[in-house]
Each structure stands twice: as structure tokens, then as C-alpha cells.
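Residue numbers run from 1 in the order of the sequence given. Numbering of ligands and ligand atoms starts at 1, following listing order.
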Amino acid sequence: MLLSILVPCFNEEENIRPFYEQARLAVRTLRKENVVSDYEFLFINDGSKDGTLARIKELAQEDARVFYLSFTRNFGKEAAMLAGLAHCRGEYVTLMDVDLQDPPELLPEMFEILNSEEGLECVATRRVSRAGEPRLRSWFARMFYKLINRISDVEIVDGARDFRLMTRRVVDSILDLKEKSRFSKGLFVWAGYKTHYLAYENIERKRGKTKWSFWKLFKYSLDGITAFSVMPLQLAAVAGCLCSLGSILAMLYFVIQKLTVGIPIQGYAMLICSIFLLGGIQLLGLGILGQYIGKLFVESKQRPDYVVLESNIEE
Ligand code: UDP
Ligand code: MG
């Protein structure tokens, strides 16, 4: 059983070798203990402007198990992960950051869990602390998980990382998803395979800086939400309903007041009610459009309608 280790890298020249040394120790143990028969590293250079590619090429010369892919420019971590999944050959595949925030020493434990439970196809990781991260960033991250879990039908664990060990089946299902704007944490949940989450304490990046600016992260979180929920498109309909319902009730109230108590209807009150009513109807119209656009959006992703776990029908 071959293990593929996929490593997206963007301006990480000082991290390549330390990562390789540490990860190799972990996988050598795995090989000695016959958990895997062999391993390969696949580094994906995501348009680095420093010596990242040169470092990777050095490794590739020393070690025939090191492979690489290099992009023309920075396409983002999602693109790098996808390229890795599409080009690796392993029956087991793991995705890791090169900054050693995803500790390779966890791999043996991950394999143990994967092999211990019947039907388990994936061991993912989540960090239970966010030590060393700016407060505001942690707060936004927590809000993001709350929001996306409330308004979409995929359940994403708080603190979930991209670091995971999976079987070939999972990889193939992910590759069947052809959508362009990808949010992998959601896609893995969408694919639906039984997954165990291994919790660990956050490890701070040893060298270099994070490649995610606050703004980049914010845009990525919007990508995540809009990739898995059409609820924002439907909000207008809700607002529209509330608005027109409120104004109709207010109008009724004035008319009844006139009929029972005899207070004359004031012109401006009716005027404001009609403005709200019209505004509400327009919002409702937008919301209805949103419904259809949401449907188009979902269709345009062309996700498979289902993923089969098992069957006795022969292909
Ligand atoms: N990365 C990438 N392309 C990007 C941004 C990041 O390939 O556009 C890689 C980066 O080199 C690292 C991993 O993705 O291996 C995680 O990035 P980082 O450590 O900066 O993110 P953080 O851990 O701060 O969330
Ligand atoms: Mg990192």
C-alpha cells in the first residue's frame, strides 16, 4: 500500500527541508512496521517567488520518492490541494502543511485509528486550541463555523484542519466534484465517508509567516459559505415577507380603528404603509429570483447526485 504525502507550498523555502526530514522519519517508521509498503512525497509549488522550487528540486535529486508540481503563479491552497489529489498515486493519501503545524508524528496514530474501525475511510484532524493566533482572527473563525453550520447542510467541525489521512475511495470521490470555487473542508464532509476527528493542541508555525492575510481568509470564508448555502440569496424573500405582512397588518389596524373608534385615517400613515408594502413586494420578488438563481448555482456545480458506499451489483 503506497502512501502519498501532498504538500502545498507557497514561499516556504526555509520550511521544505525541515518538513521533509521530520515527515520522512514518521513514514519510515510506518514502513518498518509494515503499515504502508512505500511512500511518496508530492510537493505542489503554488507560484512561490522565493527559492521554494529550488529546495524541492534538490530533494527530488536526492530522493527518488520526491515528486513535485510547480504552478505558473499563485493559484491558492485549494488549487494546490486539488492538483495534488489529481496527481498522486497512493492508496492512502495525506494532506499536510509544510510549516510543521500539521505534525507528521500524528501519522502512526492516524493509521492506527483508520485500521481499527470498520468502515472508516478518513481520519481528519482538528485543533482544540488556537494559541498563538490573533484574538480577532480566532473570533472570526469561530463565528464562521457557527454561521456555516447553521445555514448550510454540511456540518464542519470547529477548528477542522486540512490535515487528514484518507483512502483512495475518498480521493476519487473528491475528484468527481468538478466545481471551480472549491472549499475542501466542506467537500470532504459533503462526500459523506465515515470520518474520525483526531484532536490536538495548536502548534505554532516555526519559520516564516502565515500565507493567509486576514482579507484573504475573509474572502475564503465567504467562498465557503456561498459554496454550501444558497440561504443568503433567499434572505431578501424573508425580509420582503416580513415587510409586506407588517404593513398589511398596520393598514388593517388603521381601518379597524376608523370603523370602531371612529379615529380618521391619517394620510401619512397610509402612505408609509403603502411604501412598506411596495418595498416588501419588491424584496419578495428579489427573493424569488434568488430561489431560482440558487437552483441554477447548485446545478452549475454539477456535483454527483450521490456517492455509493457499497452494493452487490457488479459494474
Ligand atoms: N499555501 C499555498 N498557497 C497559498 C497559501 C498557502 O500553497 O496561497 C500553503 C502554505 O505554503 C502552507 C499551507 O498552505 O503549506 C498553509 O498555509 P499557512 O501555514 O500560511 O496557513 P495557516 O496555517 O496560517 O492557516
Ligand atoms: Mg500554517
Side-chain angles (χ1 to χ4, degrees), residues 4-23 41-56 59 66-88 93-107 124-145 156-164 180-188 200-224:
S4 299
I5 303 156
L6 312 182
V7 200
C9 313
F10 175 45
N11 295 342
E12 304 272 14
E13 55 182 0
E14 68 271 69
N15 282 319
I16 305 286
R17 189 165 287 270
F19 169 81
Y20 167 77
E21 304 285 355
Q22 205 166 323
F41 284 92
L42 175 49
F43 289 92
I44 304 100
N45 172 33
D46 185 11
S48 302
K49 291 204 160 51
D50 61 0
T52 300
L53 183 60
R55 294 291 103 74
I56 299 173
L59 290 183
V66 172
F67 299 89
Y68 63 87
L69 275 168
S70 186
F71 291 172
T72 50
R73 63 167 175 86
N74 179 242
F75 283 92
K77 189 182 177 190
E78 280 292 337
M81 292 193 291
L82 179 63
L85 291 173
H87 290 91
C88 68
V93 178
T94 177
L95 265 167
M96 294 177 104
D97 288 1
V98 74
D99 57 5
L100 288 171
Q101 280 190 293
D102 299 333
E105 303 78 68
L106 279 185
L107 280 173
T125 58
R126 57 185 282 255
R127 48 179 179 179
V128 283
S129 67
R130 287 180 170 271
E133 201 186 54
R135 281 251 179 89
L136 190 69
R137 192 161 156 167
S138 305
W139 186 82
F140 267 100
R142 272 200 307 278
M143 286 302 121
F144 165 74
Y145 285 113
I156 299 173
V157 180
D158 187 0
R161 309 246 334 146
D162 290 320
F163 179 27
R164 54 178 69 233
K180 295 293 166 201
S181 148
R182 298 178 78 87
F183 184 70
S184 286
K185 281 177 193 161
L187 296 178
F188 281 113
Y200 70 98
E201 295 282 328
N202 188 38
I203 298 169
E204 281 184 55
R205 178 183 256 277
K206 298 231 168 44
R207 297 168 201 80
K209 280 202 304 247
T210 174
K211 303 300 174 298
W212 292 89
S213 65
F214 187 78
W215 180 236
K216 206 167 159 188
L217 215 56
F218 183 71
K219 278 196 300 189
Y220 185 55
S221 65
L222 284 188
D223 263 355

Nearest-contact summary for [atom] - protein heavy atom, Å:
| atom | result |
| --- | --- |
| atom 18 (P) of ligand 1 | Arg205 NH2, 3.4 Å |
| atom 11 (O) of ligand 1 | Glu12 OE2, 2.6 Å |
| atom 16 (C) of ligand 1 | Asp97 OD2, 3.2 Å |
| atom 6 (C) of ligand 1 | Lys211 CB, 3.7 Å |
| atom 19 (O) of ligand 1 | Asp99 OD2, 2.6 Å |
| atom 1 (N) of ligand 1 | Phe10 CB, 3.9 Å |
| atom 22 (P) of ligand 1 | Thr210 OG1, 3.7 Å |
| atom 23 (O) of ligand 1 | Gln101 OE1, 2.6 Å |

**OP:** Report the member of Phe71, Trp212, Phe75 with the shortest heavy-atom distance to atom 25 (O) of ligand 1.
**Re:**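 Considering heavy atoms of Phe71, Trp212, Phe75, the nearest to atom 25 (O) of ligand 1 sits in Trp212.
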
Under-4.0 Å heavy-atom contact with ligand 1, by part of [X] that carries it:
| X | value |
| --- | --- |
| Lys77 | both |
| Met96 | neither |
| Arg137 | side chain |

Which atoms of ligand 1 sit under 4.0 Å from any heavy atom of [X]?
| X | result |
| --- | --- |
| Asp46 | 2 (C), 3 (N), 4 (C), 7 (O), 8 (O) |
| Cys9 | 7 (O), 11 (O) |
| Pro8 | 7 (O), 9 (C), 10 (C), 11 (O), 12 (C), 15 (O) |
| Asn74 | 3 (N), 4 (C), 8 (O) |

**OP:** Using the side-chain contact (heavy atoms from CB on, under 4.5 Å) rule, pick out the option among Leu53, Val7, Asn74, Leu69 that qualifies with Asn45.
**Re:**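 When side-chain contact (heavy atoms from CB on, under 4.5 Å) is applied between Asn45 and each of Leu53, Val7, Asn74, Leu69, only Leu53 qualifies.
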
When you compare the side chain of [Y] with that of [X], does any pair of heavy atoms fall below 4.5 Å?
| X | Y | value |
| --- | --- | --- |
| Leu6 | Val93 | yes |
| Thr125 | Arg164 | no |
| Glu12 | Phe19 | no |
| Lys216 | Lys77 | no |
| Phe163 | Leu106 | yes |

**OP:** Please check if any side-chain donor atom of Glu78 sits under 3.5 Å from a side-chain acceptor atom of Ser184, or the reverse.
**Re:**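 Yes, because at least one side-chain N or O of Glu78 sits under 3.5 Å from a partner of the opposite role on Ser184.
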
Original post:
Between the main-chain N or O of Lys209 and the side-chain N or O of Lys211, is there a donor-acceptor pair closer than 3.5 Å?
Top reply: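 Looks like yes, one N/O pair under 3.5 Å.
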
Original post:
Can you list the protein N, O or S atoms less than 2.8 Å from the Mg ion (ligand 2)?
Top reply: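 Less than 2.8 Å away from the Mg ion (ligand 2) sit Asp99 OD2, Gln101 OE1.
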
**OP:** Measure up the Tyr220 and Phe183 rings against each other and bin them: parallel (under 30°), tilted (30 to 60°), perpendicular (over 60°).
**Re:**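 Answer is tilted, since the angle falls between 30° and 60°.
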
**OP:** Flag the pair Tyr68 / Phe41 as yes when their ring centroid distance falls below 6.0 Å, and as no otherwise.
**Re:**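 Aromatic pair excluded; centres sit 6.0 Å or further apart.
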
**OP:** Answer yes or no: does atom CZ of Phe214 have more than 12 heavy-atom neighbours from other residues, nucleotides or ligands under 6.0 Å?
**Re:**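 Yes, because the 6.0 Å sphere around CZ of Phe214 holds more than 12 heavy atoms from other groups.
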
Subject >> ligand 1 to Val98 polar contact by distance, N or O atoms, under 3.5 Å >> reply: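 Yes.
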
Over all atoms of both residues, closest heavy-atom pair of [X] and [Y]:
| X | Y | result |
| --- | --- | --- |
| Gln22 | Glu105 | NE2-OE2, 2.8 Å |
| Arg205 | Asn15 | NH1-ND2, 3.5 Å |
| Phe43 | Ile16 | CE2-CG2, 4.3 Å |

